[in-house]
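If you're wondering where the values come from, they're calculated on a predicted model, not measured in any experiment. FYI, the numbering just counts along the sequence from 1.
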Amino acid sequence: MSEQAALHLDTHIALWLYAGERERLRVYEAQLNSHKLFCSSLVKLELQYLYETSRIKVKGKQIADTLFGELGILFTQSSLGQLTEKALQLSWTRDPFDRLICADALVHDAKLLTRDRRIIQNFEAALAAP
């Protein structure tokens, strides 16, 4: 059995999948179905931040538990040292979540599916979601 390539999901993509809005990702259906899906553990933290700032209505852990338990999305366990070393290379953003989520994709040599225009324009491993 061959090992599936990893595809990392940015926070917005994880939220769309959690909300059942897979049609927003129709153009990437083949990749979503043929890759092993991951989220950086930093996505969990960003989801909680969005909850605490009232930008979403569900706690980050609840969303993460659903992504893992019902959708089979795995969360990376990269060390802070690994993330820091890769994040030092990403001076194009001042957003700490973007920087660390991209760094995690680099640590795992994975593509990052995102809708974030700044990431798409600056991060070589980005796949643009509509």
Side-chain angles (χ1 to χ4, degrees):
M1 181 169 143
S2 65
E3 188 174 318
Q4 287 180 308
L7 179 63
H8 284 219
L9 309 176
D10 199 5
T11 306
H12 281 93
I13 308 307
L15 279 169
W16 289 347
L17 290 174
Y18 169 78
E21 297 179 11
R22 211 169 167 110
E23 70 278 355
R24 293 179 88 164
L25 299 166
R26 196 171 344 150
V27 70
Y28 291 101
E29 196 68 31
Q31 288 97 327
L32 291 171
N33 291 328
S34 65
H35 288 77
K36 194 167 202 157
L37 302 179
F38 288 86
C39 283
S40 170
S41 291
L42 275 297
V43 168
K44 286 185 201 178
L45 182 59
E46 186 171 20
L47 289 168
Q48 184 61 26
Y49 173 79
L50 294 171
Y51 171 76
E52 291 171 2
T53 58
S54 301
R55 292 178 62 198
I56 61 175
K57 295 180 183 342
V58 181
K59 290 184 178 180
K61 183 170 180 355
Q62 182 179 339
I63 295 171
D65 289 349
T66 299
L67 292 171
F68 173 74
E70 294 178 21
L71 300 177
I73 296 169
L74 301 173
F75 286 87
T76 62
Q77 300 299 313
S78 305
S79 74
L80 182 57
Q82 290 174 305
L83 293 177
T84 300
E85 286 305 311
K86 295 295 184 182
L88 289 171
Q89 303 169 25
L90 306 174
S91 60
W92 47 264
T93 182
R94 297 294 171 256
D95 182 309
F97 288 113
D98 288 353
R99 198 166 187 162
L100 291 167
I101 289 167
C102 290
D104 204 27
L106 287 174
V107 165
H108 296 279
D109 195 26
K111 295 288 185 186
L112 177 68
L113 185 58
T114 184
R115 74 168 207 167
D116 185 302
R117 293 291 153 219
R118 177 168 280 151
I119 293 174
I120 293 163
Q121 291 170 354
N122 295 284
F123 187 54
E124 193 173 297
L127 289 176

Inset, instruction - Could you state whether Leu113 and Ile120 fall into the same hydrophobic cluster, counting links through intermediate Ile, Leu, Val, Met, Phe, Trp or Tyr residues with side-chain heavy atoms under 4.5 angstrom apart? - result: no

Inset, instruction - Before giving the answer on side chain to side chain contact (heavy atoms under 4.5 Å, CB included), spell out for Ile13 and Leu112 the whole-Å C-alpha distance, their side-chain angles and the decisive distance to 0.1 Å. - result: CA-CA 10 Å; Ile13 308 307; Leu112 177 68; over 6 Å; no

Legend entry - Criterion side chain to side chain contact (heavy atoms under 4.5 Å, CB included) on Lys61 and Asp65, from CA distance to verdict: CA-CA 6 Å; Lys61 183 170 180 355; Asp65 289 349; 3.0 Å; yes

Inset, instruction - Answer yes or no: is there a side-chain heavy-atom contact under 4.5 Å between Phe97 and Leu45? - result: yes

Inset, instruction - Work out which heavy atom in His108 is nearest to a heavy atom in Ser78; give both atom names and the distance. - result: NE2-OG, 2.7 Å

Inset, instruction - Spell out, as yes or no, whether a donor-acceptor pair under 3.5 Å connects the side chain of Arg94 to the backbone of Ser91. - result: yes

Inset, instruction - Check Phe38 against Thr76 and note the closest heavy-atom contact, atom names and distance. - result: CD2-CG2, 4.0 Å

Legend entry - Gln82 side chain vs Ser79 backbone, donor-acceptor pair below 3.5 Å: yes

Inset, instruction - Measure across Gly60 and Leu47 and return the closest heavy-atom pair with its distance rounded to 0.1 Å. - result: CA-CB, 3.7 Å

Legend entry - Test applied, side chain to side chain donor-acceptor pair (under 3.5 Å); reference residue, Thr11; option that passes from Lys44, Arg115, Glu46: Glu46

Legend entry - Between CG on residue Leu25 and CG on residue Leu17, distance to nearest 0.5 Å: 5.5 Å

Legend entry - Ion pair Arg22/Glu29, N-O distance below 4.0 Å: yes

Legend entry - Distance-only polar pair, side chains of Ser40 and His8, donor-acceptor under 3.5 Å: no

Legend entry - Nearest-0.5 Å distance that lies between atom CD in Gln121 and atom OG1 in Thr93: 11.5 Å

Inset, instruction - Report, as yes or no, whether the 6.0 Å neighbourhood of atom CD on Glu124 holds more than 12 heavy atoms from other residues, nucleotides or ligands. - result: no

Inset, instruction - State the OG1-CD1 distance between Thr114 and Ile119, to the nearest 0.5 angstrom. - result: 4.0 Å

Inset, instruction - Please report the shortest heavy-atom distance between Ala125 and Ala110, naming the atom on each side. - result: CB-O, 3.6 Å

Inset, instruction - Show the numbers, then the answer: is there a side chain to side chain contact (heavy atoms under 4.5 Å, CB included) between Leu67 and Phe75? - result: CA-CA 9 Å; Leu67 292 171; Phe75 286 87; 4.1 Å; yes

Legend entry - Asp109, CG atom: more than 12 neighbouring heavy atoms under 6.0 Å: no

Legend entry - Distance, nearest 0.5 Å, that separates CG of Leu71 from CG of Leu37: 9.0 Å

Inset, instruction - Taking all non-hydrogen atoms of both residues into account, name the closest pair between Ala87 and Arg99 and its distance. - result: O-NE, 2.9 Å

Inset, instruction - Please assess Leu9 against Leu32 for the test side chain to side chain contact (heavy atoms under 4.5 Å, CB included), listing each intermediate value before the final yes or no. - result: CA-CA 10 Å; Leu9 309 176; Leu32 291 171; 4.2 Å; yes

Legend entry - Arg118 backbone acceptor or donor facing Asp116 side chain under 3.5 Å: yes

Legend entry - Phe123 side chain near Lys111 side chain, heavy-atom distance below 4.5 Å: no

Inset, instruction - Give a yes or no on whether Leu74 and Leu83 share a hydrophobic cluster (residues Ile, Leu, Val, Met, Phe, Trp, Tyr; joining criterion: side-chain heavy atoms under 4.5 Å apart). - result: yes

Inset, instruction - Following the transitive rule for hydrophobic clusters with a side-chain heavy-atom cut-off under 4.5 Å over Ile, Leu, Val, Met, Phe, Trp and Tyr, establish whether Ile56 and Phe68 coincide in one cluster. - result: yes

Inset, instruction - Mark yes or no for whether Asp95, through its side chain, and Asp98, through its backbone, hold a donor-acceptor pair below 3.5 Å. - result: yes

Inset, instruction - Quick one: pull up CG in Leu50 and NZ in Lys57 and give me the separation to the nearest 0.5 Å. - result: 13.0 Å

Inset, instruction - Search all heavy atoms of Leu42 against all heavy atoms of Leu100 and return the closest pair with its distance. - result: CG-CB, 3.9 Å

Legend entry - Under 3.5 Å: donor-acceptor pair, side chain of Glu21, backbone of Trp16: no

Inset, instruction - Rounded to the nearest 0.5 Å, what's the gap from CG on Leu80 to CD on Glu85? Could you check? - result: 10.0 Å

